[in-house]
Amino acid sequence: METNDPNKPADRTPNTHPGRVLIFDSGVGGLSILQEIRRKLPGCELVYACDNGAFPYGTKPEHVLVSRVEKVLKALLPRVEPDIVVIACNTASTVALPKIRAHFTRPVVGVVPAIKPAAAFSQSRVIGLLGTPGTVSRAYTQQLITEFAGDCRVVRVGSGELVQLAEDKLRGKDVSPEKIRDIISPIVMETELDTVVLACTHFPLLLPELIHAAPRPLHWIDSGEAIARRVQSLLDADHRTTAIVPRDTAFACWLTAEDPDIDRLRLSLLGMGAGKLHLLGEV
Ligand code: DGL
């Protein structure tokens, strides 16, 4: 685990170190982004942090969310010392990015709904937008729709329940196919709709269940691969040696609170390549 121990001094100079990327979300959702970054940049040093102490973000008022994200990152940054921060959360990115960027001198990558690629793909010009209640109603999301999908009809579904189902899945609990069917029914009822934006990082973790629940094939789009490409280009620009594959690529995880299901969650995290778990505690 040494390569991921944030307390261990390492040679972090460009051209010798692949760069350390902090991936942050309210819960397990950002792991869908982490997996894409890992696939693209297997040599990169990744650190995952989830603000489970304030989960869920999707139903919180904007001002509460902005100050919470700011607080948690302020506590995490000196401990992790990342070269790049990825806010792997649409709910937070669509409202808190400017403030976060003002506090951190290194690049901050946000994850926002993949409206542009969805509009580019859709033949029928009817698109589904599946996010948290916060994300689907944000002014920022509306701006993306106006700018990139002005000629499309966008069917929005905001669901906190689907977020919880993804959390349950990673804790080894049963995920009810009926519940998923009910949640996505406003989208699949639109017979012309051909493309769905997974505008919450939790939802790619439920992709097999979503595909199973949909009565016909749909094109499901998320932001994971685009974010991995963005991270790579930032690391390249910083002369990071992303081609190097370290001896141990396990990623460290930070939680902001104890988790009552930690043993079951740990199993999923291990399966995804996690190493040490750290508790950030009250922030
Ligand atoms: N994973 C998050 C997102 O992408 C937020 C989920 C939540 O905490 O409600 O929006």
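Any value given below was found using the heavy atoms of this structure, including those in side chains, with hydrogens, waters and symmetry copies removed.
Both Leu34 and Leu234 belong to a common hydrophobic cluster when Ile, Leu, Val, Met, Phe, Trp and Tyr are linked at side-chain heavy-atom distances under 4.5 angstrom. The hydrophobic cluster containing Val175 also contains Val157, counting ILVMFWY residues as joined when their side-chain heavy atoms lie under 4.5 angstrom apart, directly or transitively. Cluster membership for Val69 and Val47, using ILVMFWY side-chain heavy atoms within less than 4.5 angstrom, is shared. Following chains of ILVMFWY side-chain contacts shorter than 4.5 Å, one can reach Leu31 starting from Leu255, so the two form part of one hydrophobic cluster. Hydrophobic clustering (side-chain heavy atoms under 4.5 Å, transitive across Ile, Leu, Val, Met, Phe, Trp, Tyr) keeps Leu129 apart from Leu193.
Two residues are said to be in side-chain contact when any heavy atoms from C-beta on lie closer than 4.5 Å; Tyr48 and Asp25 meet this criterion. Taking 4.5 Å as the limit, some side-chain heavy atom of Arg38 sits within range of a side-chain heavy atom of Phe251. Side-chain contact between Lys60 and Val95 is absent, with no heavy atoms from C-beta onward closer than 4.5 Å. The shortest side-chain heavy-atom distance between Gln142 and Ile145 falls under the 4.5 Å cut-off. In this structure the side chain of Pro82 reaches within 4.5 angstrom of the side chain of Phe104, judged on heavy atoms. Side-chain contact between Leu280 and Arg79 is present, with at least one heavy-atom pair separated by less than 4.5 Å. Here the side chains of Asn90 and Thr132 are not in contact, with every heavy-atom distance at 4.5 Å or above. Leu207 has its side chain within reach of Leu198: a pair of non-hydrogen atoms, C-beta onward, lies under 4.5 Å apart.
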Can you give me every donor-acceptor pair (side chain of residues 159-168, partner residue at least two apart or in another chain, under 3.5 Å) with its distance?
unit_1	atom_1	unit_2	atom_2	d
Ser159	OG	Glu161	N	3.3
Ser159	OG	Leu162	N	3.0
Gln164	NE2	Asp168	OD1	2.9
Glu167	OE1	Arg171	NH1	2.7
Glu167	OE1	Arg171	NH2	3.3
Glu167	OE2	Val28	N	2.9
Glu167	OE2	His202	NE2	2.6

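Put simply, the side chain of Lys169 gets close to the backbone of Leu205: a donor and an acceptor are under 3.5 Å apart. With Asn52 contributing its side chain and Gly27 its backbone, the two residues share no donor-acceptor pair below 3.5 Å. A donor-acceptor distance shorter than 3.5 angstrom exists from the side chain of Ser223 to the backbone of Val112, with no hydrogens or angles considered. No donor-acceptor pair under 3.5 Å is formed between the side chain of Thr91 and the backbone N or O of Gly58. Although no hydrogens or angles enter the test, the distance criterion places a donor-acceptor pair under 3.5 Å between the side chain of Thr201 and the main chain of Ala88. Side chain of Arg216 to backbone of Val188: a donor-acceptor contact under 3.5 angstrom is found. Using a distance-only test at 3.5 Å, with no hydrogens or angles considered, a donor-acceptor pair links the side chain of Thr141 to the main chain of Thr135. Using modelled atom types, no side-chain atom of Thr94 and backbone atom of Tyr140 make a donor-acceptor pair closer than 3.5 Å. Between the Arg106 side chain and the Val85 main chain, no donor and acceptor come within less than 3.5 Å of each other. The backbone N or O of Ser137 lies less than 3.5 Å from no partner atom in the side chain of Arg156, so there is not a single donor-acceptor pair.
Listed here is the closest heavy atom pair of Gly131 and Val136: N-CG1, 3.7 Å. Residues Ile180 and Ala213 share a closest heavy-atom pair of CG2-CB, 3.7 Å. Scanning both residues, Leu65 and Arg138, for their nearest heavy atoms gives CD2-NH2, 3.5 Å. When all heavy atoms of Gly19 and Leu235 are compared, the pair lying nearest together is CA-CD2, 4.1 Å. Ile127 approaches Ala149 most closely through the heavy-atom pair CD1-CB, 4.4 Å. The nearest pair of heavy atoms linking Val21 to Cys44 is CG2-SG, 3.8 Å.
Between Arg153 and Glu192, none of the side-chain N atoms (NZ, or NE/NH1/NH2) sits under 4.0 Å from a carboxylate O, so this pair counts as no salt bridge.
In the displayed structure, Lys99 atom NZ is contacted under 6.0 Å by at most 12 heavy atoms of other residues, nucleotides or ligands. Around CZ of Phe148, the count of heavy atoms belonging to other residues, nucleotides or ligands within 6.0 Å exceeds 12. Counting non-hydrogen atoms of neighbouring residues, nucleotides and ligands closer than 6.0 angstrom, the CZ atom of Arg264 exceeds 12 such neighbours.
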Legend entry - Stepwise side chain to side chain contact (heavy atoms under 4.5 Å, CB included) test for Arg68 and Thr256: CA-CA 11 Å; Arg68 175 71 191 182; Thr256 58; 3.9 Å; yes

Inset, instruction - Go through the steps to decide whether Glu70 and Ile100 satisfy the test side chain to side chain contact (heavy atoms under 4.5 Å, CB included), and finish with yes or no. - result: CA-CA 6 Å; Glu70 203 185 352; Ile100 302 307; 4.3 Å; yes

Legend entry - From CA spacing to verdict: side chain to side chain contact (heavy atoms under 4.5 Å, CB included), Leu210, Leu130: CA-CA 11 Å; Leu210 288 163; Leu130 192 56; 4.2 Å; yes

Legend entry - Worked check of side chain to side chain contact (heavy atoms under 4.5 Å, CB included) between Leu22 and Leu77: CA-CA 9 Å; Leu22 171 65; Leu77 295 183; 4.0 Å; yes

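Distance check, rounded to the nearest 0.5 Å: CG of Leu279 to CD1 of Ile262 gives 9.0 Å. Here CE of Met272 is found 4.0 Å from CD of Gln35. Values are rounded to the nearest 0.5 Å. One distance of note links CD1 of Ile84 with CG of Leu46; it measures 10.5 Å at 0.5 Å rounding. Here the straight-line distance linking atom CD1 of Ile183 with atom CZ of Arg181 works out to 11.5 Å at 0.5 Å rounding. Once rounded to the nearest 0.5 Å, the distance linking CD of Glu225 with CD1 of Ile227 reads 11.0 Å. The CD atom of Glu209 lies 11.0 Å from the CD1 atom of Ile184; values are rounded to the nearest 0.5 Å.
Using cut-offs of 30° and 60° on the angle between ring planes, the pair Phe24 and Tyr57 is tilted.
Applying the side chain to side chain donor-acceptor pair (under 3.5 Å) test to pairs two or more places apart or on separate chains, those with a residue in residues 110-127 are Ser122-Asp194, Ser124-Asp194, Arg125-Asp151.
Residues Ser32 and Glu36 have side chains that never bring a donor and an acceptor to within less than 3.5 angstrom of each other.
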